[in-house]
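Structure, as structure tokens:
In this text the structure is predicted, and so the values were computed from the model without any measurement.
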Amino acid sequence: MSEYSIMDYLQYSFVRYAIIVGVLIALCSSLLGVTLVLKRYSFIGDGLSHVAFGAMAVASVLKLSNLNYLTLPVTIVSAVLLLRVGQNTKIKGDAAIAMLSVASLAIGYMLMNVFSTSANVSGDVCSTLFGSTSILTLQKTDVNLCIYLSIAVIIIFVVFYNRIFAVTFDENFAKATGTPANSYNLLIAIITAVIIVLGMNLVGSLLISALIIFPALSAMRIIRNFKGVVICSVIISVICAFVGIIVSLLFSTPVGSTIVTTDMAAFLICFTIGKIAKID
């Protein structure tokens, strides 16, 4: 355990940046997590995270000043393509996600090795995949970008809450009542892409799906209405992110892995409570 207290760490700007970004990303990911789980879109987060990894590798090779300038639009375009291709009867959604994720991961790793811009390629890859150090090297511009995008995600979710709710629970009925379900599915996919790119700095591209799925599943163990699940998911996600960052600082453990482990512990606690309370 570190000899410093948490108040000592809070004196450093990079620690405050990490906590702000971590809480915002946890909040946004939990908002969409419930919808993705209920619509069985859980794996789209995994696929898009691999796409983001490939795009980030290309941005690194091109030596862009901010990797998100390329990573964000590429991931959004991929989310749109996944949604469109997933509706194709010749290529099912899960197959499209599998192809795109594996190809992106392979190409990204190859580019980072062939066009290496660092003496420690393995360390760069590990950091990108598992978010081991990137959250603690954030600049003020990264924090501002995260704040702006998080505010946009929250506003969109609140404004379109009723329509997202309708599309989540009964898409056919929503279409029958005149709701453009395909447009809202597209909106959900785009927001998911934004969250994936933001979350890569927190837990890495391989673990971001856990940040989206675990809080939602935890909330579903103890709450049975949509609004309650969303609120509970947000609370669990934010607390786990905050605790995970603090624990990683105090015990010098990888940030991303610590946050996901905290989310897993929260799920086990909620699962146990649900069983004891016999919440079916």
Side-chain angles (χ1 to χ4, degrees), residues 21-53 55-56 68-87 93 96-97 100-101 104 142-169 171 174 179-203 205 207-217 219 226-227 229-231 233-234 236-238 241:
V21 170
V23 168
L24 287 175
I25 293 173
L27 193 158
C28 292
S29 61
S30 59
L31 285 178
L32 265 294
V34 177
T35 295
L36 293 177
V37 169
L38 290 175
K39 288 179 68 63
R40 301 182 186 277
Y41 280 2
S42 301
F43 276 110
I44 195 174
D46 193 49
L48 290 177
S49 66
H50 293 171
V51 171
F53 171 77
M56 188 171 289
N68 287 331
Y69 291 155
L70 179 65
T71 307
L72 189 58
V74 168
T75 308
I76 290 175
V77 170
S78 299
V80 175
L81 290 176
L82 275 178
L83 190 65
R84 298 303 184 196
V85 173
Q87 296 171 346
I97 292 173
L100 191 59
S101 64
S104 300
D142 298 317
V143 178
N144 289 336
L145 177 63
C146 180
I147 291 174
Y148 298 146
L149 291 177
S150 297
I151 291 174
V153 168
I154 294 170
I155 290 175
I156 290 172
F157 186 85
V158 171
V159 170
F160 297 107
Y161 171 81
N162 290 331
R163 293 173 179 81
I164 291 175
F165 171 82
V167 171
T168 298
F169 275 95
E171 188 170 320
T179 301
N182 290 335
S183 298
Y184 286 105
N185 282 330
L186 183 62
L187 179 64
I188 291 171
I190 292 173
I191 295 176
T192 303
V194 172
I195 293 171
I196 292 295
V197 174
L198 293 177
M200 284 182 66
N201 281 329
L202 182 63
V203 297
S205 62
L207 301 178
I208 183 60
S209 292
L211 203 64
I212 294 175
I213 296 170
F214 269 115
L217 292 178
F226 185 77
K227 182 178 291 186
V229 168
V230 171
I231 294 173
S233 176
V234 168
I236 291 172
S237 186
V238 168

>> Nearest 0.5 angstrom please: I147 CD1 to L198 CG, how far?
In response: 11.0 Å

> Looking at T168, I164, V230, I213, which one forms a side chain to side chain contact (heavy atoms under 4.5 Å, CB included) with V34?
Replying inline: V230

> Roughly how far apart are S104 OG and M56 CE, rounded to 0.5 Å?
Replying inline: 13.0 Å

> Among all residues two or more places apart in sequence or in another chain, which pass the side-chain contact (heavy atoms from CB on, under 4.5 Å) test with A193?
Replying inline: L48, T75, I76, A79

> Mind checking what makes side-chain contact (heavy atoms from CB on, under 4.5 Å) contact with T179, not counting sequence neighbours?
Replying inline: V167, A174, T177, Y184

> What are the two closest non-hydrogen atoms of S237 and L27, and how far apart are they?
Replying inline: OG-N, 4.4 Å

>> Testing the basics here: between I196 and S49, what is the closest heavy-atom pair and its distance to 0.1 Å?
In response: CG2-CA, 3.5 Å

> Taking only residues two or more places apart in sequence or in another chain, which ones pass salt bridge (Lys or Arg N to Asp or Glu O under 4.0 Å) with K39?
Replying inline: E171

> Could you state the interatomic distance from CG (L32) to CD1 (I191), rounded to the nearest 0.5 Å?
Replying inline: 5.0 Å

> Heavy-atom distance under 4.5 Å between the side chains of L31 and V234, does that happen here?
Replying inline: yes

Quiz: residues 150-158 side-chain donor-acceptor pairs under 3.5 angstrom, not counting sequence neighbours:
from : atom 1 : to   : atom 2 : distance (Å)
S150 : OG     : C146 : O      : 2.6

> With sequence neighbours left out, what residues match F165 under ring-ring contact (aromatic ring centres under 6.0 Å, His included)?
Replying inline: F169, F226

> Taking it one step at a time, do I188 and L36 satisfy side-chain contact (heavy atoms from CB on, under 4.5 Å)?
Replying inline: CA-CA 8 Å; I188 291 171; L36 293 177; 3.9 Å; yes

> Looking at OG1 of T71 and CZ of F53, how far apart are the two atoms once the value is rounded to the nearest 0.5 Å?
Replying inline: 11.0 Å

>> Rounded at 0.5 Å granularity, tell me how far CD1 in I190 sits from CD1 in I195.
In response: 12.0 Å

>> Just verifying a value: how many Å separate S30 OG and I25 CD1, rounded to the nearest 0.5 Å?
In response: 11.5 Å

> What heavy-atom pair brings A216 and V229 nearest, and what distance separates the two atoms?
Replying inline: O-CG1, 4.3 Å

